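Encoded as structure tokens, the structure appears first; notes follow it.
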Amino acid sequence: MYYLAATLHTLGVQMRDTAIRKATKDPERGSVTIENVIWAVAVIAIVGIVVLAITNYVRNKAAEIR
């Protein structure tokens with residue numbers, strides 16, 4: 001009975017260590033998501049600048065009509 005308990009304990013420890021090694025194996029894990037967020041923020045900023053420029057142009061032209 002002790003042999004079975006020791007075997008199961010050893011197996012559990014080895015499985016836990018393997019899972020921990022796989023989880024910490026890739027230190028850049030998640031970097032793709034961060035890169036996508038940065039690109040999305042950059043695109044939103046560019047679109048905001050373009051919308052502001054178009055709005056100012058239209059307002060200037062509307063002021064000239066009056």
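Please read all numbers here as calculations on a predicted model, not as lab measurements.
Distance check, rounded to the nearest 0.5 Å: OG1 of Thr55 to CG of Asn60 gives 11.0 Å. Taking CZ of Arg59 as the start and CD of Glu64 as the end, the distance is 15.0 Å to the nearest 0.5 Å.
Here Val43 is tied into one hydrophobic group with Val47, Val51, each link being a pair of ILVMFWY side chains closer than 4.5 Å. Through direct or relayed side-chain contacts under 4.5 Å between Ile, Leu, Val, Met, Phe, Trp and Tyr, Leu11 connects to Met15.
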Side-chain polar contacts of residues 1-8 - donor-acceptor pairs under 3.5 angstrom, sequence neighbours left out - could you list them?
{"from": "Thr7", "atom 1": "OG1", "to": "Tyr3", "atom 2": "O", "distance (Å)": "2.8"}

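The cluster map of Ile, Leu, Val, Met, Phe, Trp and Tyr, joined by side-chain heavy atoms under 4.5 Å apart, puts Val50 and Val58 in the same cluster.
Inter-residue side-chain proximity for Lys61 and Ile65 is flagged as unmet; no heavy-atom pair is nearer than 4.5 Å.
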